[in-house]
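Beneath this line is the structure, given in structure tokens, with notes to follow.
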Amino acid sequence: QAKLAGKNCLRFFQSTMDHQAVKDARLEAELRGAWERGEISVNYQPILDVANRRLVGAEALLRWVHPRLGVVEPSAFVAIAERCGVIEELGREVLVAACCEAKLWLQDNPKLFVAVNVSPVQLRKSNFCDQVAEALGSSGLPPSALHLEITETAVLGEEAQAAVLVTRLRELGVQIWLDDFGTGFSGLTQLRQVPIDGVKIDRSFVAELPAAGDDLALTGAIISLAHSLGLGVVAEGVETEAQFDWLRERGCDQAQGFWLGRPLNGEEFSARFLGEQPSISWGRSSA
Ligand code: C2E
Ligand code: MG
Ligand code: MG
Ligand code: MG
């Protein structure tokens, strides 16, 4: 009896796995050419200076509006794109699109930056640095207005190679930020040899604020340690005023999150945040 149940269970497990594999294979096929078909675009989420709540920049985030499935989250397709190599092409397109978009913003606000996520797969390509230089060249965006976000996991264990690449990228004039930071706290001292500009605190830490607990102490410690190393700090996933206030009291430099603004397409972003009378109303997650 138990053996039979186990067998059925296994069969069920296998068929769900197959099902997922089939779905992934289908998504993978549909992912190819999705950018050319105009299904994938780039959204921009505002990043604010915590001290004065002014806009300082925005993070470019992929958005796939699938003809059959509707909006497909990056969490559901970036990993697939990385596995099948599509991320290289996609990553280059995002880089160029974000640089061109940000170039427009600078007419209104010459101090803004655009932050672009870089996959570990892209980082490992020997021509990545050239790609960045090309995107800057073709868009006319000043290098200082481009921040590249690399993940902690892409760097950990490969600090020496990462240090060489990050140094080359910074010589172009772009900034390098460590995304999803905090999941490996020991990382910050370990990563000292990689000359980054700052860290983005993972939103799983921010989500726990300001309730008492380990995350409270940890997030405060990350901010202090980052500052003592001369690094900037962005908090991700700020969803409440209480979280924002807590971060301000701890001296966090910049913040990003639904409470401050959701990702918007380029047109919406410009309409809301740029121009003569940007209609900024903090605390309402409109749009
Ligand atoms: P990420 O780089 O950490 O981006 C932040 C994610 O947090 C975004 O999710 C954003 O919409 C979400 N977020 C921002 N504020 C809040 C908040 O207050 N609450 C909550 N719950 N979420 C918030 P998104 O757009 O789904 O992207 C997920 C991840 O996909 C990104 O995480 C990034 O790792 C990856 N990704 C997105 N675009 C690209 C890209 O162009 N290239 C690469 N390689 N990866 C990308
Ligand atoms: Mg998104
Ligand atoms: Mg990011
Ligand atoms: Mg992140």
Side-chain angles (χ1 to χ4, degrees), residues 31 34-35 40-48 57-65 70-99 101-102 113-125 128 131-132 135 146-155 175-184 187 196-209 219 222 233-244 247 254-266 269 282-287:
L31 205 47
W35 178 274
I40 299 183
S41 57
V42 186
N43 275 359
Y44 299 91
Q45 185 177 30
I47 301 175
L48 271 76
E59 177 173 8
L61 294 163
L62 283 168
R63 176 186 158 82
W64 184 10
V65 182
V71 175
V72 182
E73 291 294 316
S75 57
F77 73 84
V78 167
I80 297 174
E82 286 175 334
R83 227 181 306 134
C84 69
V86 166
I87 197 70
E88 283 178 53
E89 184 64 29
L90 209 50
R92 191 166 47 226
E93 298 288 7
V94 172
L95 198 55
V96 171
C99 288
E101 192 69 34
F113 65 81
V114 68
V116 178
N117 291 286
V118 180
S119 159
V121 177
Q122 291 173 275
L123 278 183
R124 268 184 243 119
K125 290 284 153 181
F128 180 67
Q131 275 184 31
V132 173
L146 177 63
H147 294 189
L148 298 177
E149 296 188 1
I150 65 178
T151 57
E152 196 177 12
T153 43
V155 173
Q175 292 197 13
I176 308 293
W177 287 68
L178 211 56
D179 205 354
D180 304 334
F181 185 79
T183 30
I196 54 171
D197 292 280
V199 298
K200 297 190 77 169
I201 301 176
D202 192 71
R203 77 174 133 90
S204 61
F205 288 90
V206 176
E208 303 301 322
L209 304 176
T219 308
I222 291 173
V233 184
V234 179
E236 288 188 328
V238 177
E239 293 186 349
T240 68
E241 185 167 17
Q243 290 169 348
F244 185 86
L247 290 159
Q254 296 170 0
Q256 173 183 355
F258 293 167
W259 188 69
L260 298 162
R262 299 215 170 224
L264 301 170
N265 70 39
F269 183 86
W282 309 120
R284 270 188 276 146
S285 41
S286 54

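One-based numbering, in listed order, for ligands and for the atoms of each.
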Distance-only donor-acceptor check, side chains Gln256 and Lys200, under 3.5 Å: yes
N or O contact, Gln256 vs ligand 1, cut-off under 3.5 Å: no
Sub-4.0 Å heavy-atom contact, Pro263 with ligand 1: yes
N, O or S atom of Asp179 closer to the Mg ion (ligand 3) than 2.8 Å: yes
Proximity flag Arg63 to ligand 1, non-hydrogen atoms under 4.0 Å: no
Ring geometry between Phe113 and His147 (parallel below 30°, tilted from 30 to 60°, perpendicular above 60°): parallel
Residue part near ligand 1, for Glu59, under 4.0 Å between non-hydrogen atoms: side chain
Leu61 N/O to ligand 1 N/O under 3.5 Å: no
Any N/O pair Ser75/ligand 1 closer than 3.5 Å: no
Heteroatom N/O/S of Glu236 within less than 2.8 Å of the Mg ion (ligand 3): no
Name of whichever N/O/S atom of Asp180 is nearest to the Mg ion (ligand 4): OD1
Atom of Glu59 nearest the Mg ion (ligand 3) (restricted to N/O/S, atom name only): OE2
Any Val114 side-chain heavy atom under 4.5 Å of Leu146 side chain: yes
Rounded to 10 degrees, the angle OE1 of Glu149 makes with OD1 of Asn117 at the Mg ion (ligand 3): 90°
